Every structure is written in C-alpha cells, then in structure tokens.
Amino acid sequence: MPTVTGTDDVFGEVAEKFEFLENFARGYFKRLGFEEVRTPIIEYSWVFRKTLGDSSEIVMHQMYSFEDKDGKEVVLRPEGTAAAVRFYIEKIQSAKPRAKLFYIGPMFRRERPQKGRYRQFHQIGCEMFGFDSPESDAYIIFILSEFFRNIGVQHKIEVNSVGCPTCRPRYSSALKEFFEAKTLCEDCQKRKERNPLRILDCKKDIEVVKDAPNILDFLCQKCKSHFELVLNNLKNFGVKFEINPKIVRGLDYYTGTVFEVFSTKFSNAIAAGGRYDLLVEFMGGHPTPALGFAIGVERTVDLLELSSERNRLGLFICYTSEGKQKAFDFFTRVVVSLNLISAGKGGTSHVGEIREHIVKRFDISVEGTKSLKSQVRYADSQNFRFIAIIGKNEIEKGVITFRDLQNSYQFEMKEDELLF
RNA sequence: GUGGACGUAGCUCAACUGGAAGAGCACGGGACUGUGGCUCCCGGGGUUGCGGGUUCGAGCCCCGUCGUCCACCCCA
C-alpha cells in the first residue's frame, strides 16, 4: 500500500528531526519578534495565479487545483509567501503596517520527485512587512544564516539583486540582445523569449553564459545604492556571503535583494528568499515593502545530525502473576497523581531520579502473562531508563524493585517512599 | 513534461547460460525455572510490485502498467 507519489510517511528518527526543527524554529523566530500565522492549506487559486506569474512553471503545471462544489477554483498552496501576503492585507495591515510573521507547514507541487524534492513538502517561512531599509535585508539574511548555524548545518549564502521594474527590463533586453548572436540549447531558445534571466541558470550553456552581461551593472541608481548598503550591513552583521549575479528566483514577485542558502553537502538550495516590494500592492493592499524567506524542511532534515545517543527515559512496570494486582494499583496511583509527582521534590537521590523519569515517561506492561524476561526486553527495546519489578518477592517484602537499565544496577524501595 | 537505472522477507542484498526462493540485520521465543544489552540455538514471516506473453519450466527473457531513485525542467 504505497503513499501518493512524492509523499511519504514521516516516522521514527525522521519524525524526531522534523519535531526538533519545528520546535527550534518556533522558539527562535518568536524570540526575534516574529508571530506565527497558520494560513489554510487550501486557497482560492487567484492568490497564486496572480502573484507567481501566470507563465511561471508552478502556476502552469505544478499546482494541485480543483473546482470546489460551488464552482470556485481552489488550490493546495504551492508556497507560503502569497498566502502570508493575503493574510497580511486582510487582517493585519490596517491595524499595524509593520509586521513580522512566520509559518510552518506543508506545501504542494506536482513535480517529478527526486532528491530533496517532494510533492508534499514543508517550509518554514518568515516574512517582514513594512520594512524598506537595507538593514532589514541584511537582518533577514543574518537571522537565516544564524538559524542554520544554530542547528549545526554547514551552509553558504549567495546574494544578488534582481533590480526593479525600471532596471530589470533594461537588463532583460541587454541579455536578449547578447544571446541573440549565440547558439543556445533548445530550452534556452524558449527562455530567451519568455524569461531571458533564466538562461543564466542553464547547465548546458555554461560557456555562453560566462560572458553574459552582469545584472549588477544594469541596476538603476536606487537599486544599486540599496544593494550596496545591504552588502555593507551584511558585513556589519558579520555574515559570510558571496555575491552571485546569476541568482534568479523562479517566482516573479521578487524585486531587489534575493538570496539563496546552499548546503555544502548537496546542490539544492536549502532556503531562499528576497525582497518583494510590489507584491502587497499588486495583491490589492496599500503599497508596502516586504521581504522574506522560506526554509526547505525536508532538505534541512536531510542534513541534520541529531545527537546519536538517544537518551533512555522513563519508568516501565514489569510484574509476575503474583504481583499483577499490586502493579496495577501502583500504576493507577501514579497516573492519578502525576501532577503531584512533578511538583514534589526531595527524598533520596533515587527517589528524585525515579520521579523525574516518571514525569517524562511512564507505562506498564500489558503482557504480564509473558515471562519477566520478555517484559524487560520490551522495556529495553523501547529505551526506558528504569523498570519497576513487582513479583512474589516484592509482595512478601512489601517493596518494589527498581532497575536502572542504563547503569545496570537495582535497588528496592517502598511505594510510599516514592509517592509521598 | 523529457531521459536513464532499478523493483526479491520489516531493512540491506544474494540466487551461474531460464531448472525446488536464500543470507545478514531486525523481530519473536528459548538456553538463564523472576531481570534487558554479549554469546549460542530455534522460530515466524515472500502471490519475487502488478498484469499479460514466450517456455516443459520465469525472480531471471519479451510487452504493458504502477512505483522508487537519479538527471533534465523547475524549485525549498
């Protein structure tokens, strides 16, 4: 029973990495003043058609769209920015023009799956609205870089400026003119007409592209000085980066600063973003500068190395037939007073330690008719730190045996000693 | 959407030119009669992705289909 092409069940170690990444991102971005927004996974299709560009690959071929029963066309969101902008205009803008938002969630694109690319994938994205300063560009690149540094992912950052509606067309036509005389691969022939900037990305025409005009030489005065200030501020933040004039974002809405984050391990960008000063207005809001980025969760998870030693946690109760009733009594007694246990401190070091672990994880064997051995083996395989053993001996002596599976020693304790 | 490689046990992979489907790991049990990890023994698990075809006989050959992976396209 396979899952839908390009989707997968996330479980075990990978699920732990997802959890770690999402938890870290929430804490990190909240601390930096970003607020989480959970926009719907389905949106009316105009949200993306309008913003990504009707001729973009995503809109043309990759969106999961369908007609709802009321005849409205609905899509599974292919990216997060457009939805965040829609939300900002609708619910935030009139109350406070400046806003810092972040989101975490699944996106959908019907592409052919391959390494680091899935049809359902997850992004962690940040968007800043109402900020036009070059400091804000540098800031958002800085926090992105720090994000990866904090989770121990080696990376490098490349930045560029794609200009604005006054300078980009000039560059476009210069490029077109330059390539006119050259022989290009089949794909690039089409790109020349549709979006000449894309030719810079081509893997076949590398030789031809090498001498192509540089976009940075074509920036208008405003874009040029902004970009220079961004670079200066990046230095102020101490961010290591490279300028790569060949970076072209696939989404039409970018203006000015754009950037991509590459892992040193594989060629895909693990995060990318940039400025999109015209998008809010374009979608019907008041003119508002904005910028943001999205982090590819699956791609990042691939690079995560969690501390390999998974800690043993918790207490697991094992018992024999003679101890069954007492084991169940102990279990229920602990479960009903779990909040007291977490509040309670003190006792011997053993008591404190056992209590600590009970709070984290606590369970009882429901296979008490099996041998004690197999119950202990189960506890071990489930990575419990302690087991409690309740059998004939314990009943007779009025105690419970505790065994530390990590350090291989055991001791006896009275139940009341632990719980009161 | 284009091109290529590959689908055998939960996982990683064997099976000579077509001739009775195997191993390691994992899982379960036992040796250790009340105690995990180490060792040894035993055990459960397969319509060889699916559907056709060729053949006395197909995991192997042919066709189709689905899926996975890789590259292109595109992109996080």
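We use all heavy atoms of the structure for the numbers below, so side chains are in, but hydrogens, waters and symmetry mates are not. Small disclaimer: the values here were computed from a predicted structure and weren't measured.
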*Can you tell me the distance, in whole Å, between the CD atom of A/E394 and the C1' atom of B/U35?*
10 Å
*Rounded P spacing from B/U12 to B/A58 in Å*: 28 Å
*asked:* Roughly how many Å apart are B/A26 and B/G7, using the P atom of each and rounding to a whole number?
replied: 25 Å
*When we call it a touch if two heavy atoms are under 4.0 Å apart, what does A/I270 touch: a base, just sugar-phosphate, or nothing?*
sugar-phosphate
*When the distance from CD of A/Q120 to C1' of B/C75 is rounded to whole Å, what number comes out?*
17 Å
*Nearest to side-chain heavy atoms of A/A269, which nucleotide of B/A76, B/G37, B/G67*: B/A76
_Donor-acceptor pair between A/T401 and A/E394 side chains, under 3.5 angstrom_ = yes
*When you measure from the side chain of A/P113, which nucleotide among B/C69, B/U35, B/G36 comes out closest?*
B/C69
_Whether A/R333 and A/D416 form a salt bridge (side-chain N of Lys/Arg under 4.0 Å from carboxylate O of Asp/Glu) is what I want to check._
yes
_Is there a side-chain contact between A/S381 and the phosphate of B/G36, meaning an N or O under 4.0 Å from OP1 or OP2?_
no
*Can you find an N or O donor on one side and an acceptor on the other, under 3.5 Å apart, linking the side chain of A/Q410 with the base of B/U35?*
yes
_Side-chain-base donor-acceptor pair under 3.5 Å for A/S374 and B/G29_ = no
*Touch check for A/G323, heavy atoms < 4.0 angstrom, all strands: base, sugar-phosphate only, or nothing?*
nothing
*Grab the CD-C1' distance between A/Q62 and B/C72 for me, whole Å please.*
13 Å
*When you compare B/A21 with B/A15, how far apart are their C1' atoms, in angstrom units rounded to a whole number?*
8 Å
*Quick one: label A/Y319 by what it contacts on the DNA or RNA (base, sugar-phosphate, nothing), any heavy atom closer than 4.0 Å.*
nothing
_Rounded distance in Å between the P positions of B/G18 and B/U55_ = 16 Å
*Looking at B/A76, B/G29, B/G34, which one has an atom nearest to any side-chain atom of A/K370?*
B/G29
*asked:* Can you measure A/L21 atom CG to B/A76 atom C1' for me and round it to whole angstrom units?
replied: 12 Å
*asked:* For a quick test of reading the model: is some side-chain N or O of A/K373 closer than 4.0 Å to OP1 or OP2 of B/A31?
replied: no
*Electrostatic pair A/D277-A/R275, nearest N-O below 4.0 angstrom*: yes
*If you measure from the P atom in B/C56 to the same atom in B/G3, how many Å do you get, rounded?*
36 Å
*OP1 or OP2 of B/G34 less than 4.0 angstrom from a side-chain nitrogen or oxygen of A/T320, does that happen here?*
no
Pairwise N/O distances under 3.5 Å, protein to nucleotides 1-5 of chain B:
{"residue": "B/U2", "atom": "O4", "partner": "A/R112", "partner atom": "NH1", "Å": "3.3"}
{"residue": "B/G3", "atom": "O6", "partner": "A/R112", "partner atom": "NH2", "Å": "2.9"}

*Ion pair present between A/D302 and A/K17, side-chain N to carboxylate O less than 4.0 angstrom?*
no
_If you go through the side-chain atoms of A/S371, does one of them form a donor-acceptor pair with the base of B/G34 closer than 3.5 Å?_
no
_SB check A/E43 A/R86 (cutoff 4.0 Å)_ = yes
_Neighbour count >12 (heavy atoms, 6.0 Å) for atom CD, A/Q154_ = no
*Could you give the distance separating B/A9 and B/G36 at their C1' atoms, to the nearest angstrom?*
26 Å
*From the options A/F316, A/F362, A/Y319, select the one residue that forms a ring pair (Phe, Tyr, Trp, His ring centres under 6.0 Å) with A/F331.*
A/F362
*For A/Q114 and B/A71, is the shortest distance between a side-chain N/O and OP1 or OP2 below 4.0 Å?*
yes
*Between C1' of B/C70 and CG of A/N268, the distance in whole Å*: 12 Å
*Starting from Watson-Crick (N1-N3 plus N6-O4 or O6-N4) and G-U wobble pairs under 3.5 Å, report the runs of at least three that RNA chain B belongs to.*
B:1-7 with B:66-72, B:10-13 with B:22-25, B:27-31 with B:39-43, B:49-53 with B:61-65
_Measuring from the side chain of A/S408 (C-beta onward, heavy atoms only), which nucleotide among B/G37, B/A76, B/C74 has the closest atom?_
B/G37
*Is there a donor-acceptor pair under 3.5 Å between the side chain of A/N150 and the backbone N or O of A/E146?*
yes
*With sugar-phosphate meaning primed atoms plus P, OP1 and OP2, does A/G116 contact a base, only sugar-phosphate, or nothing at under 4.0 Å between heavy atoms?*
base
*Criterion salt bridge (charged side-chain N to carboxylate O under 4.0 Å, His left out) against A/E36, the qualifying member of A/R26, A/K100, A/K30*: A/R26
*hbond_proxy A/R377 side chain to B/G37 base (donor-acceptor, 3.5 Å cutoff)*: no
*Remember a base hit wins even if backbone is also touched, and classify A/K392 as base, sugar-phosphate or nothing at under 4.0 Å, heavy atoms.*
base
*Does NZ or CZ of A/R109 fall inside the cone over A/F121's six-membered ring, less than 6.0 Å from its centre and within 45° of the axis?*
no
*If the P atom of B/G10 is compared with that of B/G44, how far apart are they to the nearest Å?*
15 Å
_Can you confirm whether A/N160 sits close enough to A/E260 that some side-chain heavy atom of one is under 4.5 Å from a side-chain heavy atom of the other?_
no
